[in-house]
Every structure is written in C-alpha cells, then in structure tokens.
J.: 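The structure follows.
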Amino acid sequence: MQNSRRGAVDPFIVMDVMEAARQAEESGRSVIHMEVGQPGTAAPAAARDALTRAMADDPLGYTVALGLPALRQRIARLYGDWYGVDLDPARVVVTPGSSGGFILAFSALFDAGQTVALGRPGYPSYRQILRALDLQPVEVAAREENRLQLTPEDLEGVAYDGLLMASPANPTGTMLDRDALAALIGHAQARGASFLSDEIYHGLEYDQRAVSALEVSDDVCVINSFSKYFSMTGWRVGWLVVPEANLRQVERLAQNLFICAPHAAQVAALAAMDATDELEANRAVYARNRALMLDGLPKAGFDRIAPPDGAFYVYADVSHLTDDSRAFARQILDEAGVAVTPGLDFDPDRGAGTLRFSYARATADIEEGLARLARFMQARRET
Ligand SMILES: Cc1ncc(COP(=O)(O)O)c(C=O)c1O
C-alpha cells in the first residue's frame with residue numbers, strides 16, 4: 001500500500017502542544033490552557049434539552065443532504081437579524097462543521113491544480129485541506145500595518161482562481177471592515193475568481209460588528225459553523241451559503257461525500273440559535289477576558305500585539321524574545337505552566353517569532369495564566 005503525495009499534509013503543531021500539556025497534567029502539574037481554540041463552555045442548555053427530547057421519540061436517521069429544512073430556515077433568518085440580509089433558505093447548506101464545509105466548497109468550486117490565495121498568517125487547515133484535494137494554496141504574506149489582513153495591493157501580480165479570507169481571523173482576531181472586504185471581493189470578481197469568506201468567528205466581536213460577505217455580494221461562498229459563538233465544537237455542525245448557480249453541484253457532492261451532517265447535532269444547533277441569553281453571557285466572558293489580556297500581556301512583556309476585534313485570540317510578535325517559538329512555547333509550558341501556541345502553524349515563515357494566546361477559557365484561568373506569564377517573564381529578565 002502506498003501513501004498519496006497529496007495526503008502528505010503537515011501536522012497541526014498546536015496538537016503537539018496540547019499533548020505536552022496533557023502529559024504535564026498527568027504528572028501532577030497545573031496547566032493553564034491558552035493554546036486551545038475552543039470555548040470552555042458546553043452547548044447551550046436549550047440545545048441539550050432539545051436533543052434529549054428528540055432522542056425520546058425520533059430515530060435520528062439521515063436527514064436530507066442539505067440539512068433539516070427548519071435549521072436552514074433558521075440560519076437564513078440569522079442573516080436578517082445580524083446583517084439585515086434577506087437570504088433564501090434554499091442557499092443554506094448544513095455541513096459537518098465548517099471543516100466539512102471547506103471540503104464541499106473546494107470540491108464544488110475548483111478543479112485539481114487550481115489555485116486559492118490565502119493570507120499568511122492564517123488558519124493552517126486551509127492549506128492542508130486544499131493540498132489534500134490536489135489544489136494549490138497560494139499564501140500571501142499579510143502586512144503588520146494592515147493588522148495582518150490582506151489588501152488588494154498585496155494581491156497585485158498574484159494569479160489565483162479563488163480567494164479565501166477570514167474576518168475575524170485566526171490567529172489574529174482582526175477584522176475587515178465593509179470597505180476592505182468589498183475591495184477584496186471586487187479584486188476576486190474582477191478576475192473571475194471565486195470569493196470564499198470564513199465567518200466562523202462571527203458573533204464573537206467586541207467593539208464593532210463583523211461584516212458578512214453577503215452584505216457586499218450574492219456571488220460569494222460563506223462558510224460558518226456552530227463551533228465558536230454557539231459553543232458546539234465537538235458536535236460537528238456548520239453551514240455554507242452558496243450562490244444559487246452552485247447549489248445543485250454542492251448538493252450532489254454533499255449527498256455523496258457526507259450523506260448529511262449529524263442529525264443529532266442539527267437538532268441541537270436549531271435550539272442553540274435561540275439561546276441568546278446564554279450565548280451573550282459567554283461573549284461577555286470573552287470580552288472581559290480580552291480586556292484582561294490586553295492589559296496583562298503588555299505588562300508581562302508581550303507588548304507587540306494588534307488588539308483583536310473578535311474571536312478569542314491574541315497574536316503576539318515575540319521575535320525580540322526568541323527565534324524559535326516552538327522552543328519558547330515549550331519553555332513557557334515547562335516553567336510557567338501555561339500552554340500557548342507557537343505561530344509556526346499559522347505562518348511557516350514568520351511564525352518562528354510569534355505566539356498565539358487564546359482567551360476562550362474561564363476568567364479565573366485567564367487571570368491565573370497572566371499572573372504566571374508575568375512571573376515567568378520577570379524571572380527571564382532577571383537571569
Ligand atoms: C478560522 C477557522 N476556520 C475553521 C475552523 C474549523 O472549525 P469547525 O470545523 O469546528 O467548524 C476553525 C477552527 O478552529 C478556525 O479557526
């Protein structure tokens with residue numbers, strides 16, 4: 001048996017950090033988790049209750065490939081509520097997480113060998129999923145003066161068939177305002193390229209609301225998920241919004257690739273969408289954590305950061321402290337008892353000089369983590 005060349009994707013370094021943190025905890029050490037990219041909270045109570053009820057009298061077999069009609073309608077309503085966009089529920093496709101959404105969207109929109117432009121730093125699985133599908137990621141370095149988001153200027157001279165952007169982004173949490181987003185959509189459309197907008201962190205913004213690509217154009221593919229704002233990572237449910245012209249192709253692929261997203265998760269997701277009080281309470285915790293991080297990290301000595309607009313990450317330039325972020329993260333885990341993610345996952349070039357801190361956990365953990373980081377940096381300065 002041979003392994004395929006396209007399947008030889010890179011490992012996810014944050015997983016190695018998580019494993020090292022687990023081992024430290026197993027040996028009795030206390031670890032504050034600032035490496036994880038997921039809420040510490042459960043799915044909303046209403047979601048769990050809805051599933052309990054459904055399990056009593058519904059066999060929870062396959063759903064239709066595009067998802068439960070009620071869930072598709074409810075998602076379409078969200079676009080009215082959040083963005084004032086009137087969306088036809090027929091364009092909503094429920095997927096097994098946004099990860100399943102990427103596989104569907106990339107398969108539906110691109111042929112083998114085609115190119116998809118991405119900003120660097122960015123969520124690492126974009127390029128790995130593209131490679132696994134025999135597509136070519138074209139990573140373009142984003143500039144610090146643009147808060148590590150791409151601009152049309154960065155894309156001048158770059159040939160691409162698709163452009164994938166995220167706002168708020170992982171690892172930076174920075175957002176594109178309406179004009180910046182419209183400029184990128186215009187750049188892609190002028191070249192006849194597809195525009196894909198990863199909106200998985202929408203709902204988790206703190207000062208200004210995030211703009212959906214659907215506010216700018218109907219001819220875009222939006223990818224979203226119940227993993228982050230709706231606090232349902234392990235349930236594996238997300239969605240796409242696709243142009244009408246692509247819908248039938250996406251449906252045929254969904255039927256064959258996945259049959260459907262998990263039925264149980266779809267039932268829970270539908271109820272989660274009305275759990276506004278609980279979800280907003282979660283967001284209030286992140287807002288508090290963010291304020292603590294923006295105060296505490298610079299005080300500890302991590303002062304080269306762009307304040308994040310959304311998500312639950314702070315991306316710090318630590319190139320004045322190390323040229324090996326992986327070893328530095330290991331040292332922070334060993335000596336401070338705080339797990340953080342080296343930037344190499346997000347940016348193989350500049351990531352040796354960056355770290356990502358997640359503030360998705362409880363506020364008490366964030367306070368303790370910041371205190372530990374401050375002591376660690378103090379001790380480092382004294383040696
Ligand atoms: C930017 C971004 N997109 C997509 C995903 C995938 O999420 P899921 O498959 O749980 O929807 C993640 C996960 O961390 C992410 O950070």
Side-chain angles (χ1 to χ4, degrees), residues 11-40 121 124 144 147-148 169-174 206 285-309 311-383:
F12 210 164
I13 295 169
V14 67
M15 298 295 177
D16 296 345
V17 178
M18 286 166 83
E19 175 55 20
R22 192 196 61 76
Q23 283 174 13
E25 280 175 323
E26 212 174 61
S27 70
R29 294 201 57 208
S30 134
V31 174
I32 298 292
H33 291 275
M34 290 190 172
E35 85 284 25
V36 285
Q38 65 173 339
E144 265 175 36
R147 306 175 72 231
L148 297 174
N170 178 6
T172 58
T174 58
Y206 305 105
V285 171
Y286 301 136
R288 169 98 188 103
N289 293 353
R290 172 178 176 268
L292 288 169
M293 295 290 271
L294 292 181
D295 180 51
L297 283 177
K299 279 190 185 150
F302 298 103
D303 51 358
R304 299 189 185 178
I305 53 178
D309 305 305
F312 34 53
Y313 309 114
V314 177
Y315 196 54
D317 177 354
V318 291
S319 57
H320 55 306
L321 303 171
T322 183
D323 58 5
D324 184 350
S325 59
R326 200 197 282 237
F328 194 41
R330 181 77 223 195
Q331 192 190 1
I332 294 173
L333 176 63
D334 291 344
E335 294 176 21
V338 180
V340 300
T341 307
L344 288 166
D345 266 338
F346 313 104
D347 189 336
D349 288 336
R350 292 173 291 175
T354 58
L355 292 178
R356 188 193 72 176
F357 299 87
S358 165
Y359 54 88
R361 291 295 176 107
T363 301
D365 281 7
I366 302 303
E367 283 167 340
E368 173 62 19
L370 286 168
R372 291 184 188 190
L373 288 171
R375 282 197 296 274
F376 166 80
M377 292 295 278
Q378 183 62 33
R380 201 170 178 272
R381 277 190 292 271
E382 284 166 5
T383 52

J.: Applying salt bridge (charged side-chain N to carboxylate O under 4.0 Å, His left out), which residue pairs with at least one partner in residues 333-342 are found, sequence neighbours left out?
T.: Arg330-Asp334
J.: Run the side chain to side chain donor-acceptor pair (under 3.5 Å) test against Tyr315 and tell me which residues pass, sequence neighbours left out.
T.: Thr354
J.: Listed by chain and number, what are the side-chain contact (heavy atoms from CB on, under 4.5 Å) partners of Asp16, not counting sequence neighbours?
T.: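 Once residues adjacent in sequence are excluded, the partners of Asp16 under the side-chain contact (heavy atoms from CB on, under 4.5 Å) criterion are Arg326.
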J.: Output all residues satisfying side-chain contact (heavy atoms from CB on, under 4.5 Å) with Gln23, sequence neighbours left out; order by chain, then residue number.
T.: Glu19
J.: If the condition is side chain to side chain donor-acceptor pair (under 3.5 Å), which residues does Ser30 pass it with, not counting sequence neighbours?
T.: Arg372
J.: What residues form a side chain to side chain donor-acceptor pair (under 3.5 Å) with Glu367, not counting sequence neighbours?
T.: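 Counting only residues at least two positions away or on another chain, Glu367 forms no side chain to side chain donor-acceptor pair (under 3.5 Å).
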J.: Return yes if a side-chain donor-acceptor contact under 3.5 Å exists between Gln378 and Arg381, otherwise no.
T.: yes
J.: Just to verify, what does Asp309 make a side chain to side chain donor-acceptor pair (under 3.5 Å) with, not counting sequence neighbours?
T.: Arg147
J.: Listed by chain and number, what are the side-chain contact (heavy atoms from CB on, under 4.5 Å) partners of Pro307, not counting sequence neighbours?
T.: Leu294
J.: Parallel, tilted or perpendicular, judged at 30° and 60°: which one describes the rings of Tyr359 and Phe312?
T.: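 If you compare the ring of Tyr359 with that of Phe312, the planes turn out perpendicular.
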J.: My understanding is that only residues two or more places apart in sequence, or in another chain, count here; which of them pass ring pair (Phe, Tyr, Trp, His ring centres under 6.0 Å) with Phe357?
T.: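 With sequence neighbours excluded, Phe357 shows a ring pair (Phe, Tyr, Trp, His ring centres under 6.0 Å) to Phe302, given in chain and number order.
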J.: For Val31, what residues pass the side-chain contact (heavy atoms from CB on, under 4.5 Å) criterion, not counting sequence neighbours?
T.: Ala21, Ala24, Glu25, His33, Leu333, Ala339
J.: Do Thr341 and Ser358 make a side-chain contact, defined as non-hydrogen atoms from C-beta onward lying under 4.5 Å apart?
T.: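 Side chain of Thr341 against side chain of Ser358, heavy atoms only: no contact under 4.5 Å found.
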J.: Does any part of the side chain of Phe328, heavy atoms only, come nearer than 4.5 Å to the side chain of Ile332, both counted from C-beta?
T.: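 Ile332 reaches Phe328 side chain to side chain.
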J.: Just jot down the ring pair (Phe, Tyr, Trp, His ring centres under 6.0 Å) partners of Phe346, sequence neighbours excluded, or say none.
T.: none
J.: Count the heavy atoms of every other residue, nucleotide or ligand shown that sit under 6.0 Å from CZ of Arg22, and state whether that count exceeds 12.
T.: yes
J.: Taking only residues at least two apart or on different chains, which pairs with a member in residues 345-354 satisfy salt bridge (charged side-chain N to carboxylate O under 4.0 Å, His left out)?
T.: Arg120-Asp349, Asp347-Arg350
J.: More than 12 non-hydrogen atoms from neighbouring residues, nucleotides or ligands closer than 6.0 Å to CG on Asp303, yes or no?
T.: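 Enclosed.
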J.: For the residue pair Ile305 and Met293, establish whether any side-chain heavy-atom pair is separated by less than 4.5 Å.
T.: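 Counting from C-beta outward, Ile305 and Met293 never come under 4.5 Å.
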